[in-house]
Protein chains: 2
Amino acid sequence: MENTIAISIFESLSSGVRLDVFRLLVKKGMEGMVAGEIATSLNVPPTNLSFHLKALTQNRLLSVEQEGRFQRYRANIPLMLDLIAYLTEECCEGHPEKCVIPSKN
Amino acid sequence: MENTIAISIFESLSSGVRLDVFRLLVKKGMEGMVAGEIATSLNVPPTNLSFHLKALTQNRLLSVEQEGRFQRYRANIPLMLDLIAYLTEECCEGHPEKCVIPSKN
DNA sequence: ATAACTATTCAACAAATATTGAAATAATGA
DNA sequence: TCATTATTTCAATATTTGTTGAATAGTTAT
């Protein structure tokens, strides 16, 4: 994964609204949810939700499919898995067994 | 993991500078790096780096230890692993085998 | 056609974050 | 003690991001 992609994904998930939306859709899996359901479920004004859905979709964390007059959104779970791989790669110079806990702060 | 903690971690990693710092330190593992080394390595002005190191440390993604007049920073790898678990939990209503790829965007 | 419904875009404004140089703090060594 | 080095804090400013209501566009049903 490219650095810029990873940054955009973290940006996407760094807002409370967007993280809630993404996790809600991760739970729903393939079924997904239409925009209005998401708005009701999370109690976010539609205009604001739309702003966040757009950001998530542009960064490919969500896919969107038209369904009559509804827009159905789904989480892009494989992308999330790629991100996880990116975060843990090259851990400890290739010796992940050395990843010991630094408890002090 | 709490929602607010997850958000603060994503916020931390949503800046190019901070993501670079974190990944650099993940690579270094237990060895870590002192602030000046990080500044030189990433070509970030010390005053700006300090701002980002503070954010990362407050959100517990980094630990810091004084070493003479140096400050040695290390990545909190276990916290990163907790975050990953948080992201994937409850996937597909508890049926992660259903997490099929939504390729369309 | 028109009315009802779903969702997005737009423009204005509010709020949060990032960046910088100068000054301050703290540790070391001459 | 005094100069040097490492890093952080501060204050000013620049930039980015988030929120809202009103207007718009597309879809369906009458």
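We name chains A, B, ... by the order of the sequence lines, and we start the count at 1 in each one. From a predicted model like this one, the values you see are computed outputs, not experimental measurements.
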Asker: How close or far is atom C1' of C/dT19 from atom NZ of B/K54, stated in whole angstroms?
Answerer: 15 Å

Asker: Take atom CZ of A/F51 and atom C1' of C/dA16, then tell me their distance rounded to the nearest Å.
Answerer: 13 Å

Asker: So B/P46, base contact, sugar-phosphate only, or nothing? Heavy-atom distance under 4.0 Å.
Answerer: base

Asker: With the side chain counted from C-beta on, respond yes when B/Y86 and B/N3 share a heavy-atom pair under 4.5 Å apart, and no when they do not.
Answerer: yes

Asker: Between A/N59 and A/S12, do the side chains contain a donor N or O and an acceptor N or O under 3.5 Å apart?
Answerer: yes

Asker: So do the side chains of A/E31 and A/R74 get within less than 4.5 Å of each other, counting heavy atoms only?
Answerer: no

Asker: Across the strands shown, which category fits B/R18 at heavy-atom distances under 4.0 angstrom: base, sugar-phosphate, nothing?
Answerer: sugar-phosphate

Asker: Between A/T47 and A/F70, which is nearer to the 5' end of DNA chain C once each is assigned its nearest nucleotide?
Answerer: A/F70

Asker: Tell me the interatomic distance from A/L49, atom CG, to D/dG18, atom P, rounded to whole angstroms.
Answerer: 13 Å

Asker: Out of C/dC5, D/dT8, C/dA18, which has the shortest distance to the side chain of B/H52?
Answerer: C/dA18

Asker: Counting heavy atoms from C-beta on, name the nucleotide in D/dG26, D/dT17, D/dT8 closest to the side chain of B/S50.
Answerer: D/dT8

Asker: Would you kindly compare B/Q66 and A/E37 by the position of their nearest DNA chain C nucleotide and give the one closer to the 5′ end?
Answerer: A/E37

